[in-house]
Amino acid sequence: MESAIRDMIDWEPPFPPQEYADRRSKVKAALEMAGYDGMVVTEPRDYYYLSGHDHIWQYRYAVTGLYFDTASGAFVFFDNASHKNIISTTPEITDVIYGPRKGSAPDHVNSIAAQILERGYGKGRIAIQPWSYGLHPDLVRAMGQCFRDAGADIIEDDGVIEDVRLYKSPLEVNVMRRAGGLCRDTMALVRDAMRPGMMEYEVDAIISHDLIKNGCGHPGIRTMVAGGARSGNHHSPPAHRAFKSGDVVHVDFGACLHRYHVNLSRSFAIGAIDPRWHDLMDRSAGCSQAIADGVQPGDPFSRVQEAADGFFATSGVDRARFEWFIGGYVLGIAFPPDWVDRHRPQPFDLVQVPVMKPGMVFNFEVQYDVFDGWPGGSGAGWIDSYLMTENGLEILTDMPRELVMVGA
């Protein structure tokens, strides 16, 4: 810790100290319930949640994370010495172990584990996170082995903090509502600017400029802009391609405020297009409100999928023919390269389905592939984000879902 740097802090952190203290209390309670005496936290979104530590590079030689002690509710952060300034300007970090900037990462792990043990931590039943996008799983398990050698019982558990983060605090909800408003405003700006001859990456520039000038940071996933034959290119970045009259264009981005994301996507028609595109999207537009109307606080998360499936059962859309993905996932803190936690209304993994409680935020996607040779594109769709409140679901990204004509 460099006290001279810390004394120079002249800006407000994303959240006040009490918010971080409340988070640590929730994690302490969750670890106690799970029977853990401590946890090695190496998932960036989890140690950001606990400490506010934000960075942009998973440096190969940086053994980064924190050890959370259940009994005291305190933590010790660890990183390499090249990040002293970042750590010194993160007020919630008060105890830190530095490793060298270069050298063998396994040696760093051994040294850090030894210093954690010297503090009286690392004993009893300890959880580790080998499935994070931070520290390599071999190194996470090596740190666990150091504690095991000292007598600890090591359990791999990546989800305990994620489950705490699932339900946002009032301050977090305020941030996500603001992000939702920025999403809507920025998408409206894109809609009004789009025209024949514009390059896909120009739309990306409009989105990035508008969000960043309004306080957002870079999202946990790159913006997707795709027109014409690329309009069904899921997960592809913008290309060096100019829009043409008659194109279907799909735009998908997240407004990221203090690392909290709200996701919005819409499809557009540049001028007149084949009416089958309009019919497909018109039949799909009501699904979002059907979800909002069909899910209540206390319902299982799976009820979201059931509400959507019920809508499509009478929509006239041939899902077997067109569906790429009709589903969703929870949203919150995200660091590249991934912004998806494990909870979905239709789970991909064997996980316990969470209960819908106030503060839970998720998105839902209706994404189509069209391989029938319709002129103008290869796919279309929309994504909305939702907040569960005490009174039911609030659509954070409410704007038309039909295929809006632009650039005419």
Requested in this report: Give the intermediate values and the outcome of side-chain contact (heavy atoms from CB on, under 4.5 Å) for residues Tyr260 and Leu331.
Outcome: CA-CA 8 Å; Tyr260 288 79; Leu331 296 175; over 6 Å; no
Scan side-chain atoms only and decide if [X] and [Y] contain a donor-acceptor pair under the 3.5 Å cut-off.
X      : Y      : answer
Asp79  : Thr64  : yes
His278 : Asp282 : no
Arg230 : Ser236 : yes
Asp157 : Gln129 : no
Ser267 : Tyr368 : no
Tyr121 : Asp37  : no
His234 : Asp369 : yes
Glu19  : Ser169 : yes

**Report entry** Candidate pair Ile206 and Met198, rule side-chain contact (heavy atoms from CB on, under 4.5 Å), full reasoning
**Finding:** CA-CA 11 Å; Ile206 290 170; Met198 175 179 280; 4.2 Å; yes
For a quick test of reading the model, state the closest non-hydrogen atom pair linking [X] to [Y] and the distance between them.
X      : Y      : answer
Phe75  : Glu92  : CZ-O, 3.4 Å
Glu2   : Ser88  : N-OG, 2.9 Å
Ser288 : Ile395 : OG-CD1, 3.8 Å
Val404 : Pro400 : CG2-CB, 4.3 Å
Ala179 : Ala255 : O-CB, 3.4 Å
Met399 : Ala188 : CE-N, 4.2 Å

From [X] atom [atom1] to [Y] atom [atom2], the distance as rounded to the nearest 0.5 Å:
X      : Y      : atom1 : atom2 : value
Tyr329 : Phe348 : OH    : CZ    : 9.5 Å
Asn110 : Asp149 : CG    : CG    : 9.0 Å
His108 : Asn80  : NE2   : CG    : 7.5 Å
Arg344 : Asn363 : CZ    : CG    : 9.0 Å
His250 : Ser265 : NE2   : OG    : 3.5 Å
His258 : Leu171 : NE2   : CG    : 10.5 Å

Quick check: do [X] and [Y] have side-chain heavy atoms less than 4.5 Å from each other?
X      : Y      : result
Met143 : Ile112 : yes
Phe253 : Met224 : no
Ile326 : Phe312 : yes
His261 : Ile221 : no
Leu393 : Asp293 : no
Arg6   : Ile9   : yes
Ile155 : Tyr36  : yes
Val251 : Ile207 : yes

Are the ring centres of [X] and [Y] closer than 6.0 Å?
X      : Y      : value
Phe78  : Tyr98  : no
Phe301 : His343 : no
Trp324 : His235 : yes
Phe77  : Phe68  : no

SB check [X] [Y] (cutoff 4.0 Å):
X      : Y      : result
Lys26  : Asp22  : no
Asp384 : Arg401 : yes
Glu32  : Lys28  : yes
Glu162 : Arg45  : no
Asp69  : Arg119 : no
Asp247 : Arg241 : yes
Arg165 : Glu172 : no
Arg266 : Asp252 : no
Arg184 : Asp398 : no

Query raised in the report: So Ile87 and His53, side-chain contact (heavy atoms from CB on, under 4.5 Å) or not? Walk me through it.
Result: CA-CA 7 Å; Ile87 289 170; His53 183 275; 4.0 Å; yes
Donor-acceptor pair, distance only, cut-off 3.5 Å: does the side chain of [X] make one with the backbone of [Y]?
X      : Y      : value
Thr186 : Cys183 : no
Arg222 : Pro237 : no
Ser231 : Gly379 : yes
Glu394 : Thr389 : no
Glu365 : Gly328 : no
Arg195 : Ala193 : yes
Arg24  : Ala74  : no
Thr397 : Ser385 : yes

Report summary line: Residues passing the salt bridge (charged side-chain N to carboxylate O under 4.0 Å, His left out) test with Asp163, sequence neighbours excluded, are Arg342
Requested in this report: Would you sort out whether Ser378 and Val370 count as a side-chain contact (heavy atoms from CB on, under 4.5 Å), showing the intermediate values?
Outcome: CA-CA 5 Å; Ser378 58; Val370 177; 5.9 Å; no
Report task. Would you please name every residue forming a ring-ring contact (aromatic ring centres under 6.0 Å, His included) with Tyr49, sequence neighbours left out? Result -> none
Query raised in the report: Could Arg23 and Phe15 be counted as a cation-pi pair, given that NZ or CZ must be under 6.0 Å from the ring centre and within 45° of the axis?
Result: yes
Query raised in the report: Does Arg191 make a cation-pi contact with Phe268 (under 6.0 Å, within 45 degrees of the axis)?
Result: no
Query raised in the report: Tyr386 vs Phe362 aromatic rings, parallel, tilted or perpendicular, using cut-offs 30° and 60°?
Result: parallel
